[in-house]
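Position 1 is the first residue of the sequence, and the numbers go up from there. All ligand and atom numbering here is 1-based and tracks the order in the structure. Just so it is clear, the model here is predicted, and its values are computed rather than measured.
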Amino acid sequence: MLILRLRSSAKKLTLVNMKWESMSPFLRSKKVAITGTFGAGKSVFLLSLLHQLHNHDPRYFRVGEGREDKDTLIKNLIPQTVGDSQFLFPYKTFAQRLMKAGGGIWPSRYSATQRFRIAFKRSARFKRDELDFMTFPLERLLDLNIARIEKYSDWADRVLFHIEEDKQALRAARPYLIHLDAQEQFIERLIRLYKTSLTQFIFDYKTFTAPSTFMIDLHGGRIDGGAAESVSQARFLGLPPGDGSGPKEFIPLSGIARMRLPEFLETQEKNYELYRSQLLKPLFGEVNQADTLLVLLDIPALLSAGRGAFDEQKWLLGELSKLLKYKNKGGQVLGRSQIKRVALIANKCDLVRTFEREARLPLLLRQLTDDFVEKLHKSVEIGRFICSPCMATRPHQDPQSLVGRLINPSKNSERGEVPFNIPEVPKAWPQEYTPQDFPFAKVWPPALQAHEKLPRHYRLDDVFRFILQD
Ligand SMILES: Nc1nc2c(ncn2[C@@H]2O[C@H](COP(=O)(O)OP(=O)(O)O)[C@@H](O)[C@H]2O)c(=O)[nH]1
Ligand SMILES: [Mg+2]
């Protein structure tokens, strides 16, 4: 409790700071939250953006808005300290790895939430700018119900209800449900069975796979494919072990099981509350304090993972819209949304055939996000972007191919640049499709050529101008 209290008073302090700074006549502060599902490109986006700003060249990264100020320069950029340094984005290390001679590597995972704060001056402006970036996994929105439902037992009933409504989920969870109803229950066994069910839900893109830390842990690692029984047991259904104590897990107990296991129920209630107060409330509260939200949508990945991935993405966007709508109702729990701008970004467009980028991605992006936009407050400004923060492919004479450093080790063990086939992007999202229909490849970052100082990007500067707008 003490730690919690300390934390919240630290938060108040930063709030006071932010207020003071935003009123300062010499500084313009903005808070930018970046989200997207696992692998959508949050770290690469932040890395590339920071890299372009640290090494700003107005020929390749346009900051000025009008035609007349196309030479606006980023000057005097200074990284600022962030509140909690364990989440500091290791910009320098990642940039060195990305820029290695002969071809670099993508950033690795180290934390699900990342932060970086910079201050700089635009040559045409009087005030300095400060940008405070944070990233978080969109999968955390799987927990929105936990954040909103105060009582553990209400949440448990609701989850069990959802499982029973869904035939496929019911099948996956049957061993767990049977043990819940058994004469005698073994707690370890209940937890093990629930982990197995949840793993299956994740593989089937079920949207009630909470707590989300089971899928994406606090280090940003995602559960791997494989047999549901074996891959799941080392992961936690709640907060991980720490401070010398074990994991703080919770599973949905039925009404009968809650009566039969009063002591276990008590720890379940406690762990549920800890998860809400230590993870969800601070995170969602902070997201709502951002001015601008960037949502990275990896259309090639959604196509190459099958229709379930598309449906899950849409559902997560729906939950995100609920979080942002807390403007009027129940705003006390998760904070009033301050978000004024949302950028919807069709990311990694360098993996799509050159001519299809502008011809096909815009419509797919619309179809994916229209319901989301519809649900937002009308005052929120929406920007839509086709983007690649780090172009890792080059055109090939065959328009159905691109050249890049293919990751597939059996096809390119040397990590050299090779041409490879690119599937055609559909004109609209098909009602049904499987991973075989759109086999998009993965590539290493580009091996820079002699005249290139920085990786190329595709319209990353458009997104940046959107962030900076007055
Ligand atoms: N071709 C291409 N691949 C990218 C780009 N951005 C990210 N990726 C790939 O996507 C992977 C995941 O990106 P990352 O930023 O770590 O995703 P995160 O989980 O959202 O932080 C990277 O390892 C790259 O393989 C891009 O602009 N172009
Ligand atoms: Mg990342």
Cationic N near anionic O, under 4.0 Å, Asp129 to Lys30 | no
Would you say Lys442 contacts ligand 1, with heavy atoms under 4.0 Å as the rule?
-> no
Take Gln114 and Thr135, measure what side-chain hydrogen bond (donor to acceptor under 3.5 Å, both in side chains) needs, and give me the verdict at the end.
-> CA-CA 5 Å; Gln114 307 162 325; Thr135 73; 3.0 Å; yes
Which residue and non-hydrogen atom of the protein lie closest to atom 25 (O) of ligand 1, and at what distance in Å?
-> Trp106 NE1, 3.1 Å
Would you mind running through ligand 1 and noting each atom that sits below 4.0 Å from a heavy atom of Ala392?
-> 1 (N)
Taking every non-hydrogen atom, the tightest pair across Asn55 and Tyr91 | ND2-OH, 4.0 Å
May I ask which of Ser388, Gly404, Pro445 has a heavy atom nearer to atom 27 (O) of ligand 1 than the others do?
-> Ser388
Which is it for Arg109 and ligand 1 at heavy atoms under 4.0 Å: side chain, backbone, both or neither?
-> side chain
Lys/Arg cation over aromatic Phe464: Arg62, 6.0 Å, 45° cone | no
Using distance alone, decide if ligand 1 has a nitrogen or oxygen within less than 3.5 Å of any nitrogen or oxygen in Cys390.
-> yes
For Gly41, is at least one N or O under 3.5 Å away from an N or O on ligand 1?
-> yes
Should you measure from each heavy atom of Lys42, which atoms of ligand 1 turn up under 4.0 Å away?
-> 15 (O), 17 (O), 18 (P), 19 (O), 20 (O), 21 (O)
Numbering the atoms of ligand 1 from 1, which are under 4.0 Å from a heavy atom of Val443?
-> 1 (N)
Look at atom 1 (N) of ligand 1 and say which protein heavy atom is nearest, naming residue and atom and giving the distance to 0.1 Å.
-> Asp350 OD2, 2.9 Å
For Phe250, which of Tyr194, Phe214, Phe236, Tyr275 qualifies under ring pair (Phe, Tyr, Trp, His ring centres under 6.0 Å)?
-> Tyr275
Any idea which part of Pro389 is under 4.0 Å from ligand 1, heavy-atom wise: side chain, backbone, both or neither?
-> both
If you measure from the Lys or Arg side-chain nitrogens to the Asp or Glu carboxylate oxygens, is any gap between Arg115 and Asp84 under 4.0 Å?
-> no
Option among Asp350, Ile422, Leu351 that satisfies the side chain to side chain contact (heavy atoms under 4.5 Å, CB included) test with Leu402 | Ile422
Check: Lys348 N/O within less than 3.5 Å of ligand 1 N/O | yes
What's the spacing between Leu293 CG and Lys340 NZ if we round to 0.5 Å?
-> 12.5 Å
Any idea which atoms of ligand 1 are less than 4.0 Å away from a heavy-atom of Leu351?
-> 1 (N)
State whether the shortest distance between N or O atoms of Val44 and N or O atoms of ligand 1 falls below 3.5 angstrom.
-> yes
Are Lys375 and Glu319 within salt-bridge range, i.e. N to O under 4.0 Å?
-> no
Give the C-alpha distance, both sets of side-chain angles, the deciding distance and a yes or no for side-chain contact (heavy atoms from CB on, under 4.5 Å) between Lys75 and Phe120.
-> CA-CA 6 Å; Lys75 297 200 294 199; Phe120 56 88; over 6 Å; no
Is the Mg ion (ligand 2) less than 2.8 Å from at least one N/O/S atom of Ser43?
-> yes
Mark the output for Gly39 as yes if a heavy-atom distance to ligand 1 is under 4.0 Å, and as no if none is.
-> yes
